[in-house]
Peer 1: 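This structure is in structure tokens; I'll ask about it shortly.
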Amino acid sequence: MNDTPHLPPALATGIGSLPGTDAREAAKAATGSFEDFPHLPELPARGPGADMIGRTAGLLVELYARVEPSGWRIGDRPGRDTRRARSWLGKDLDALEEFTQGYEGLLKVQAVGPWTLAAALELKNGEAALSDPGACRDLAASLAEGLRQHLEEVRRRVPGARLVLQLDEPSLTAVLRGQVRTASGYRTHRAVDRQTVEATLRDVVGVHDGGPVVVHSCAPDVPFALLRRAGVAGISFDFSLLTERDDEVIGEAVEGGTRLFAGVVPGTDAPLSDPAGSVMGVRTLWRRLGLRPGLLPEAVTVTPACGLAGASPGYARSAYAHCVRAARSLADNPE
């Protein structure tokens, strides 16, 4: 066994984003739906600074970003966009604090990971930070310090919580494969060396000293083995994108104690089957891998396939309730 922090069993949680603009409503939904594993909601519908990249850019230390027509660009000083991102995060934390009075248990907070951030943030020349190894290092160091401060702040507001840090890395596979497009759109940035990717992730994971880190990606071909070597305690993914090619790495992950956050509930409005039907694929995978059924509730947390920012408010609430019921079905009848 490695020394990766252990992630205790928790049946279900959300990914992060929700529809709407009301921080109190979102906090109420996230804490009320997942009594043993709530999360800090994100509300990208509020606009730039509440989006995934802008929100994390607001956490950076001694690096700042502003909105340009092409996206978020690193600048010299904090401006209106940085202040807006920090203000919205503050409101979200106020709401979370209100609905977690006296709470003791797991609590998840999310931020964009270093490689998706490097693929999305532009340098002054308009190219992604990914194009410059030095910029990638500076960005990862700034993110690590910002996350350390953010986790301290959440601990202060919800002192009974055991914090879980989720790093969102939807661009990770594209970074590894050299599929991130340049500003012109005609070329792609060269693939980043796997050891460099792994080492940077390990450094950022390490800021949550003694606490579990989950990496989320709803892209195909999540690099399970690389993430496990980087020290993550859990891997969050869209279950529908798995293929039998992934069987071996999934089996190794489970046997190595890595928790699977199985995204089995659609992230946008869709008919929801019966809860047991939603996790049928998980049971089928377990049988195929020859894993002990009783291990399922210890090894799997049920989630939506991705964030719910594009869903209707009614569907988002239903999806969260469905995740809880599907997870309960899995725990009660793992066979």
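We use all heavy atoms of the structure for the numbers below, so side chains are in, but hydrogens, waters and symmetry mates are not. We're numbering straight along the sequence, starting at 1. Given the structure is predicted, the values throughout are model-derived calculations rather than measurements.
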Peer 1: Mind checking whether R228 and I235 have side chains closer than 4.5 Å, heavy atoms only?
Peer 2: yes

Peer 1: Between R55 and D168 (salt bridge meaning N to carboxylate O under 4.0 Å), is one present in this structure?
Peer 2: no

Peer 1: Backbone N or O of R187 within a donor-acceptor pair of the T182 side chain at under 3.5 Å?
Peer 2: yes

Peer 1: Does any part of the side chain of V300, heavy atoms only, come nearer than 4.5 Å to the side chain of W286, both counted from C-beta?
Peer 2: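 Side chain of W286 against side chain of V300, heavy atoms only: contact under 4.5 Å found.
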
Peer 1: How long is the straight-line distance from CD of E127 back to OG of S70, given to the nearest 0.5 Å?
Peer 2: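 So the gap between those two atoms works out to 10.0 Å.
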
Peer 1: Could you check whether any side-chain N or O of W115 sits under 3.5 Å from a backbone N or O of V197, counting only pairs where one atom can act as donor and the other as acceptor?
Peer 2: yes

Peer 1: Is there a side-chain contact (heavy atoms from CB on, under 4.5 Å) between D36 and L106 once you walk through the steps?
Peer 2: CA-CA 6 Å; D36 66 345; L106 293 173; over 6 Å; no

Peer 1: Students often mix this up, so state it plainly: with edges at 30° and 60°, are the rings of F34 and H39 parallel, tilted or perpendicular?
Peer 2: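 It falls in the tilted class, 30° to 60°.
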
Peer 1: Quick one, D94 with R157, criterion side-chain contact (heavy atoms from CB on, under 4.5 Å). Give me CA distance, side-chain angles, the key distance, then yes/no.
Peer 2: CA-CA 8 Å; D94 290 343; R157 288 171 175 262; 2.8 Å; yes

Peer 1: Report the C-alpha distance between S236 and I15 in whole Å, list the side-chain angles of each, state the deciding distance to 0.1 Å, and finish with yes or no for side-chain contact (heavy atoms from CB on, under 4.5 Å).
Peer 2: CA-CA 8 Å; S236 170; I15 295 299; 3.6 Å; yes

Peer 1: If you count heavy atoms of other groups shown closer than 6.0 angstrom to CZ of R156, is the number above 12?
Peer 2: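 Check passes, neighbour count above 12.
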
Peer 1: Identify the residue among V249, L172, V214 that makes a side chain to side chain contact (heavy atoms under 4.5 Å, CB included) with L227.
Peer 2: L172

Peer 1: For the side chain of D203 and the backbone of T200, is there at least one donor-acceptor N/O pair under 3.5 Å apart?
Peer 2: no

Peer 1: Begin with the C-alpha distance, continue with both residues' side-chain angles, and end with the deciding distance and a verdict on side-chain contact (heavy atoms from CB on, under 4.5 Å) for L291 and E255.
Peer 2: CA-CA 9 Å; L291 292 166; E255 288 171 348; 3.9 Å; yes

Peer 1: Given side chains that start at C-beta, do those of L60 and L117 come closer than 4.5 Å, heavy atoms only?
Peer 2: yes

Peer 1: Are R46 and D92 side-chain neighbours, meaning at least one heavy-atom pair lies under 4.5 Å?
Peer 2: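 Counting from C-beta outward, R46 and D92 do come under 4.5 Å.
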
Peer 1: For residues P275 and R328, determine if any side-chain heavy atom of one lies less than 4.5 Å from a side-chain heavy atom of the other.
Peer 2: no

Peer 1: Using the salt bridge (charged side-chain N to carboxylate O under 4.0 Å, His left out) rule, collect all pairs that involve residues 278-292, keeping only residues at least two apart or in two chains.
Peer 2: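 Residue pairs with at least one partner in residues 278-292: D247-R288.
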
Peer 1: Are more than 12 heavy atoms, taken from residues, nucleotides or ligands other than R24, located less than 6.0 Å from that residue's CZ atom?
Peer 2: no

Peer 1: Looking at R84 and D81, is any side-chain nitrogen of the basic one under 4.0 Å from a carboxylate oxygen of the acidic one?
Peer 2: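 Salt bridge between D81 and R84, a charged N being under 4.0 Å from a carboxylate O: yes.
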
Peer 1: Look at the side chain of R162 and the backbone N and O of E104, then say whether any donor-acceptor pair between them is shorter than 3.5 Å.
Peer 2: no

Peer 1: Say whether, by atom type as modelled, one donor and one acceptor occur between the side chain of R86 and the main chain of G58 under 3.5 angstrom.
Peer 2: yes

Peer 1: Would you say L226 and L176 make side-chain contact, with heavy atoms under 4.5 Å?
Peer 2: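 Yes; the side chains approach each other to less than 4.5 Å.
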
Peer 1: Just by distance, do the side chain of K108 and the backbone of G16 share a donor-acceptor pair under 3.5 Å?
Peer 2: no

Peer 1: Do the side chains of Y315 and V265 get nearer than 4.5 Å, heavy atoms only?
Peer 2: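 They are in side-chain contact.
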
Peer 1: Is any side-chain heavy atom of P220 closer than 4.5 Å to one of T173?
Peer 2: no

Peer 1: If you measure from the Lys or Arg side-chain nitrogens to the Asp or Glu carboxylate oxygens, is any gap between E152 and R148 under 4.0 Å?
Peer 2: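 A salt bridge links E152 with R148.
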
Peer 1: For T188 and R181, indicate whether the former's side chain and the latter's backbone hold a donor-acceptor pair under 3.5 Å.
Peer 2: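 No, the answer is negative, given that no donor and acceptor are paired below the 3.5 Å cut-off.
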
Peer 1: Hey, is the main chain of A65 close enough, under 3.5 Å, to the side chain of T82 for a donor-acceptor pair?
Peer 2: yes

Peer 1: Could you walk me through whether Q149 and E153 pass side-chain hydrogen bond (donor to acceptor under 3.5 Å, both in side chains), step by step?
Peer 2: CA-CA 6 Å; Q149 294 180 14; E153 168 79 352; over 6 Å; no

